[in-house]
Amino acid sequence: GVEVGPQPQGVARADVLDKMRKIVKHGLDFVQLFNEGKEFPPCTIEVFKIMEKVDYPRNKNGEIIAIIHPKLQDQDWQPLKNGDPLFLTLDGEVIPYQGNCTVYPTFINEAAYYEKKQAFVKTEKIKLTANHLRLPVS
């Protein structure tokens, strides 16, 4: 599957559709080249690995008591360091990120995840290495 975004629910965006078409085309091009016997050299790529889902701060009744801080809003995939603003309470108090490493939040304040009790997802940046790839000779 291919998921390309972000985009609001129920909205069809031409730019996002174009990106999805390009990704699918590259995938099909790869399959064709692989099937033709092309050898792909070893490579390394940076990816974001999900660490955990983070909920909004809630009171004892389970009600949300803080919102995403304005400095975090729309900052998907950007580094979040210890002490950076994370949430803003309805009383105006800043709740900072408290962590021992830099993380990269994504799906920040997505409407579709409110019911799942998810304010954002913490990810870490890691490198993956692939060996060379070639169709085995029959």
Side-chain angles (χ1 to χ4, degrees):
V2 175
E3 181 178 347
V4 181
Q7 67 180 8
Q9 294 174 300
V11 174
R13 290 182 46 154
D15 61 331
V16 174
L17 180 60
D18 184 56
K19 289 177 185 176
M20 186 270 307
R21 284 183 176 147
K22 287 177 182 173
I23 289 170
V24 170
K25 182 184 179 314
H26 286 304
L28 293 172
D29 289 345
F30 169 81
V31 170
Q32 181 175 349
L33 291 170
F34 178 78
N35 287 340
E36 291 172 355
K38 177 171 175 63
E39 183 171 348
F40 295 88
C43 65
T44 301
I45 186 171
E46 283 188 340
V47 298
F48 294 90
K49 180 181 176 186
I50 293 175
M51 298 170 68
E52 68 177 301
K53 296 174 183 175
V54 178
D55 192 9
Y56 293 88
R58 297 178 183 270
N59 64 18
K60 62 182 178 184
N61 297 325
E63 299 162 328
I64 294 174
I65 58 169
I67 58 176
I68 295 293
H69 192 280
K71 289 187 178 178
L72 180 59
Q73 185 65 51
D74 301 320
Q75 297 301 307
D76 294 76
W77 312 111
Q78 299 304 309
L80 180 67
K81 300 176 187 128
N82 188 43
D84 286 348
L86 191 58
F87 295 106
L88 184 63
T89 69
L90 303 179
D91 296 331
E93 177 188 341
V94 174
I95 300 173
Y97 169 63
Q98 296 178 349
N100 57 3
C101 66
T102 299
V103 296
Y104 298 83
T106 188
F107 304 114
I108 300 169
N109 202 24
E110 291 280 343
Y113 297 119
Y114 271 70
E115 66 187 40
K116 297 178 185 205
K117 297 185 176 182
Q118 180 179 312
F120 64 93
V121 173
K122 281 191 336 189
T123 69
E124 62 181 330
K125 192 185 291 190
I126 62 171
K127 290 185 179 185
L128 296 180
T129 301
N131 296 327
H132 79 280
L133 182 64
R134 185 173 187 185
L135 184 68
V137 179
S138 316

>> Give me each pair satisfying side chain to side chain donor-acceptor pair (under 3.5 Å) with a member in residues 83-105, each pair once, sequence neighbours excluded.
In response: none
> Taking C-beta and beyond as the side chain, do Thr106 and Phe120 meet within less than 4.5 Å on heavy atoms?
Replying inline: no
>> Looking at every heavy atom in both Tyr56 and Ala119, which two are closest together, and how far apart are they?
In response: CE1-CA, 3.4 Å
> How far does CD of Glu124 sit from CD1 of Ile126, to the nearest 0.5 angstrom?
Replying inline: 6.0 Å
>> Count I, L, V, M, F, W, Y as connected when their side-chain heavy atoms are under 4.5 Å apart, and connections chain through other members. Are Ile65 and Leu72 then in the same cluster?
In response: no
> When rounded to the nearest 0.5 angstrom, what is the spacing between NZ in Lys19 and CZ in Arg13?
Replying inline: 7.5 Å
> Should Leu17 and Arg21 be marked as a side-chain contact (heavy atoms from CB on, under 4.5 Å) after you check the CA-CA gap, both sets of side-chain angles, and the distance that decides it?
Replying inline: CA-CA 6 Å; Leu17 180 60; Arg21 284 183 176 147; 3.7 Å; yes
>> Let me confirm one number: the CD1-CD1 distance from Ile95 to Ile67, rounded to the nearest 0.5 Å.
In response: 10.5 Å
> Can you hop from Leu133 to Leu135 via hydrophobic side chains spaced under 4.5 Å?
Replying inline: yes
> Where is the tightest heavy-atom contact between Leu88 and Pro70, given as atom of each residue plus distance?
Replying inline: CD2-CD, 4.2 Å
> Once you round to the nearest 0.5 Å, how far does CG of Leu80 lie from OG1 of Thr123?
Replying inline: 10.0 Å
>> Please determine whether residues Trp77 and Val121 belong to a single hydrophobic cluster, defined as Ile, Leu, Val, Met, Phe, Trp and Tyr linked transitively by side-chain heavy-atom distances below 4.5 Å.
In response: no
>> Which heavy atom of Ala66 sits nearest to which heavy atom of Pro57, and what is that distance?
In response: CB-CG, 3.8 Å
> Of all residues at least two apart in sequence or in a different chain, which pass the ring-ring contact (aromatic ring centres under 6.0 Å, His included) check with Phe107?
Replying inline: Tyr113
> Quick one: side chain to side chain donor-acceptor pair (under 3.5 Å) pairs with a partner in residues 61-75, sequence neighbours left out?
Replying inline: Asn59-Glu63, Gln73-Asn109
>> Under the rule for salt bridge (Lys or Arg N to Asp or Glu O under 4.0 Å), what residues qualify as partners of Lys25, not counting sequence neighbours?
In response: Asp29
> With sequence neighbours excluded, what pairs up with Lys22 under the salt bridge (Lys or Arg N to Asp or Glu O under 4.0 Å) test?
Replying inline: Asp18
Acceptor/donor pairs from residues 38-55 side chains to any protein atom, 3.5 angstrom cut, sequence neighbours excluded:
unit_1	atom_1	unit_2	atom_2	d
Thr44	OG1	Thr129	OG1	3.3
Glu52	OE2	Lys122	NZ	2.8
Asp55	OD1	Arg58	NE	3.2
Asp55	OD1	Arg58	NH2	3.1
Asp55	OD2	Arg58	NE	2.7

> Do Tyr114 and Ile108 belong to the same hydrophobic cluster, where Ile, Leu, Val, Met, Phe, Trp and Tyr are linked whenever their side-chain heavy atoms lie under 4.5 Å apart, directly or via other members?
Replying inline: yes
> Would you call Gln32 and Leu28 a side-chain contact if the rule is heavy atoms closer than 4.5 Å?
Replying inline: no
>> When you group the ILVMFWY residues by side-chain heavy-atom contacts below 4.5 Å and let the links chain together, are Val16 and Ile23 in the same group?
In response: yes
> Looking at residues at least two apart in the chain, or sitting in another chain, which of them share a side-chain contact (heavy atoms from CB on, under 4.5 Å) with Val31?
Replying inline: Asn35
